[in-house]
Amino acid sequence: MSRAVEQVGAARSLDQLDPLLQHRTRLGGMVLLSGADAMTFSRLRELLRETDGNLGAQLRKLEGAQYITVRKEFADRKPVSWYSITPVGRRALKAHLAAMESLVKAAKV
Amino acid sequence: MTDVQQVKDDLQFVRQAVDRRPPVGRDHALRYYWWAAYVLIGYFLLDINPVWGSWFLMIAGLVVMAVIGMHAKRRGQIIGEIDRVQNRRNMLHWAGGIFAAVFFPNLLAGVVPALRGPVCGQIEVLMIGMVYFMWGVHVDKTFLWLGPIMMLGGALVGFVPHYPWTWLGALIAVGLVVAGILVQRKLARDLAVQPQ
């Protein structure tokens, strides 16, 4: 494969990356949510090792794009937010991961 | 290429987050201790009174399954994670596997007289051993050796003169307790070396 073709392949993969999922916290959150029915804010914070403020801001962006949904309930009088990935989010994640894979492969060749 | 390096860094970050999450089914050892107690009592009863033993194994099996299910649900609420698909898969493995292991030998015994009585029980144990082994293949590696031990015990139970089922039950119970301890140790080790 010539260098020019490699560069075209890499550029195409870059174009296919979802801008919303190019942030590692949002990507990590989506990957974790894709492996479970629902996770609480605390669980995501614990697994991603993020601060409340940053995680909350990133999750709101995902929620705004309808990639995830949030359900709020009370447990022992404390508010608990349960997050789930939506079908739209799952499709976006799949496409983004495929583009990432192609990008890494193109760079390896 | 900085973009590729960025992608690699992001993937590493995601991988670390995923690695912090223990696989469902290996996240707590309590279920193994419940089953150890169930097997110990049930198999002992088979030697004392086979009818009581059979009833105990059937009813207590459902009770233990319900208790473990409730515990798993409660645990999901505490750790903040619900995975119904995986829980359903686990339940289908155990409930479906053990149902098949009990139902089909009894069905066959209805047609083949030679399979009636203790032989039917031995075939059930062999098949349950296979269900254990498959759990080892898919979820918890400890069961890779516990399954074959159970199958071997099921085959040899006819050669033990006194309390054969009690011995077999004790062997399986010890195996389950060891499996539980190993799961607990693995969890503690994973927590200690979690990537920062």
Residue [X] excluded, over 12 heavy atoms near [atom1] under 6.0 Å:
| X | atom1 | result |
| --- | --- | --- |
| Gln184(B) | CD | yes |
| Trp145(B) | CH2 | yes |
| Phe56(B) | CZ | yes |
| Trp34(B) | CH2 | no |
| Arg71(A) | CZ | yes |
| Arg90(A) | CZ | yes |
| Arg116(B) | CZ | yes |
| Met65(B) | CE | yes |

Compare every heavy atom of [Y] with every heavy atom of [X], then report the nearest pair and how far apart it is.
| X | Y | answer |
| --- | --- | --- |
| Trp82(A) | Gln77(B) | CZ2-OE1, 3.7 Å |
| Arg43(A) | Gly80(B) | CB-O, 3.3 Å |
| Asp10(B) | Met100(A) | CB-CE, 4.4 Å |
| Asp83(B) | Asp37(A) | C-OD2, 3.3 Å |
| Arg24(A) | Phe13(B) | O-CE2, 3.4 Å |
| Ala17(B) | Leu32(A) | O-CD2, 4.0 Å |

Using non-hydrogen atoms and a 4.5 Å limit, figure out which bit of Glu50(A) sits close to chain B: side chain, backbone, both or neither.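 The answer is the side chain of Glu50(A).
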Nearest 0.5 Å, what's the CD1-OG1 distance between Ile78(B) and Thr40(A)?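 If we round to the nearest 0.5 Å, Ile78(B):CD1 and Thr40(A):OG1 are 11.5 Å apart.
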For the atom pair CZ (Arg21(B)) and CE (Met39(A)), what is the distance rounded to the nearest 0.5 Å? 4.0 Å
In terms of heavy-atom pairs under 4.5 Å with chain A, the winner among Asp9(B), Leu11(B), Val14(B) is Val14(B)
If you define the side chain from C-beta out and look only at heavy atoms, does anything of Arg49(A) sit under 4.5 Å from Gln16(B)? no
